[in-house]
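Below, chain A is the first sequence line, B the second, and so on; all start at residue 1. Note that the coordinates shown come from a computational prediction; the quantities given were computed from them, not determined experimentally.
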Number of protein chains: 2
Amino acid sequence: MVLDASPRLDAVFHALSHPARRAIIRQLSAGEQNLSELAAPLKMTFPAATKHVRVLEHAKLVRRRVAGREHLCRLTAAPLKEATSWTEQFRKHWEVRFEALDSLLEEMKSEDRSRRS
Amino acid sequence: MVLDASPRLDAVFHALSHPARRAIIRQLSAGEQNLSELAAPLKMTFPAATKHVRVLEHAKLVRRRVAGREHLCRLTAAPLKEATSWTEQFRKHWEVRFEALDSLLEEMKSEDRSRRS
DNA sequence: GGTATAGTAAACCAAATGGTTTTGGATGCA
DNA sequence: TGCATCCAAAACCATTTGGTTTACTATACC
């Protein structure tokens, strides 16, 4: 496959790419909160804040539970795992590559030095 | 601070949110490639592909080296570390929380069972 | 019942995104 | 010199994003 097609990864990374949504995640890491509590500290209107929550729900990073007139939100770990494992896969891979390249360059430099000496 | 303001995290997560850009990263994990090589497997025009590369450069996930008429690209690990550590921070946090909640629920269930017996 | 509170929905807007086509500039090569 | 290749830049376009305001529904409370 030519593109790394994964709508879920698209959604998760996109959800994490906005400071307001990361702030919501940070808040929810302290426990369940309703939409008003989530919206209060954000410097935007209430409808704007709930749109961000919907983006997080679409990425399945947040689940919503309706209790009376309030909507309580909590975090979900699974999509974060998926995202992290994707990045880790490549990070490790090319860190090894670069370490190998660095040591190769070191070898070449010392060879150059011994040739000159 | 109310929002999780970090333009670099914004840029990294946004860069990772598109399948074409993840495909480019996957390609570059096999080693340095020029823009034509990167664009070839993508189902889009060359200018569109180079725009994606520029997005990756803006997030500092890719560095470019000009050699004659070709532009060679390679990956950079640092921003990925930053992104991963951000997600790990919260993932661990709320996994512990949920495990704690799960065991609490287990306790309550067994208490309920013993009360009924 | 009446009023505040929690939240949705819709219309609207500016700016960013993701793509195209076209044009043109360097570099490499026969 | 001439031609193909690698790439940038600009103009353009449709759609999405991120925000607003306004109007509305439903629950809680006195």
Side-chain angles (χ1 to χ4, degrees), chain A residues 1-28 31-59 61-74, chain B residues 2-25 27-28 31-59 61-74:
Chain A
M1 183 50 66
V2 30
L3 327 155
D4 244 38
S6 170
R8 281 187 308 180
L9 276 183
D10 294 1
V12 172
F13 284 129
H14 173 250
L16 296 177
S17 73
H18 195 290
R21 291 191 289 261
R22 290 198 304 275
I24 290 172
I25 289 179
R26 189 179 291 275
Q27 278 191 262
L28 287 180
E32 223 178 26
Q33 293 197 7
N34 68 29
L35 292 180
S36 297
E37 288 167 336
L38 285 177
L42 303 177
K43 292 285 180 290
M44 63 186 67
T45 61
F46 183 77
T50 63
K51 283 187 184 180
H52 284 299
V53 172
R54 248 190 299 273
V55 171
L56 290 166
E57 286 182 280
H58 175 247
L61 286 164
V62 164
R63 272 186 318 175
R64 182 190 300 226
R65 176 170 69 90
V66 179
R69 63 178 166 180
E70 53 187 340
H71 293 202
L72 296 166
C73 298
R74 56 148 56 181
Chain B
V2 31
L3 328 154
D4 242 39
S6 170
R8 281 187 309 179
L9 276 184
D10 294 1
V12 172
F13 284 130
H14 172 249
L16 295 177
S17 73
H18 195 289
R21 291 191 289 262
R22 290 198 304 276
I24 291 173
I25 289 179
Q27 279 191 261
L28 287 180
E32 223 177 25
Q33 292 197 8
N34 68 30
L35 293 182
S36 296
E37 289 167 335
L38 285 177
L42 303 178
K43 292 287 179 287
M44 62 185 68
T45 60
F46 183 78
T50 63
K51 282 188 184 180
H52 284 299
V53 172
R54 245 191 302 274
V55 170
L56 290 166
E57 285 183 278
H58 176 246
L61 286 164
V62 165
R63 273 186 318 175
R64 182 190 300 225
R65 175 170 71 88
V66 179
R69 64 180 166 178
E70 54 186 340
H71 293 201
L72 296 166
C73 298
R74 54 147 55 182

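As rounded to whole Å, 4 Å separates atom P of C:dG7 from atom CG of A:Leu35. Separating the CD atom of B:Glu37 from the C1' atom of D:dC7 is a distance of 14 Å, rounded to the nearest angstrom. Atom pair A:Asp10:CG and C:dT17:P shows a separation of 15 Å (rounding to whole Å applied). What separates CD of A:Gln33 from P of C:dG7 is a distance of 11 Å, to the nearest Å. Atom-to-atom, CG of B:Leu56 to C1' of C:dT17 comes out at 14 Å; the value is rounded to the nearest Å. The CZ atom of B:Arg54 sits 14 Å away from the P atom of C:dG19 (whole-angstrom rounding). Between A:His71 atom NE2 and D:dA28 atom C1' the separation is 14 Å, expressed in whole Å. Per the geometry, CZ belonging to B:Arg64 stands 11 Å off C1' belonging to D:dC6, to the nearest Å.
Closest non-hydrogen pair, A:Asn34 versus A:Ser36, comes out as OD1-N, 3.1 Å. Nearest heavy-atom pair, B:Ala49 versus B:Ile24, reported as atom, atom and distance to 0.1 Å: O-CD1, 4.4 Å. Heavy-atom minimum distance, B:Arg21 versus B:Ser17: NH2-OG, 3.9 Å. Between B:Ala59 and B:Ala11, the shortest heavy-atom contact is CB-O, 3.6 Å. The minimum heavy-atom distance linking A:Arg22 with B:Asp10 is given by the pair NH2-OD1, 2.7 Å.
Relative orientation of the A:Phe13 and B:Phe13 rings is parallel, given thresholds of 30° and 60° on the angle between their planes.
Considering only side-chain N and O atoms, B:Ser36 lies under 4.0 angstrom from the phosphate OP1 or OP2 of D:dC7.
Although no hydrogens or angles enter the test, the distance criterion places no donor-acceptor pair under 3.5 Å between the side chain of B:Glu70 and the main chain of B:Ala67.
We find the NE2-CG distance between A:His14 and A:Leu56 to be 10.0 Å, quoted to the nearest 0.5 Å.
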Original post:
In the 5'-to-3' direction, what one-character label does each nucleotide of nucleotides 24-30 of chain C receive under the scheme B = base within less than 4.0 Å of a protein heavy atom, S = sugar-phosphate only, - = no such atom?
Top reply: ---BS--
Subject >> Per-nucleotide protein contact string for nucleotides 13-25 of chain D, where B marks a base within reach and S marks sugar-phosphate only (heavy atoms under 4.0 Å, - for neither) >> reply: -----SBBB----
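For B:His71, the side chain to side chain contact (heavy atoms under 4.5 Å, CB included) partners two or more places apart in sequence, or in a different chain, are B:Leu35, B:Arg64, B:Val66.
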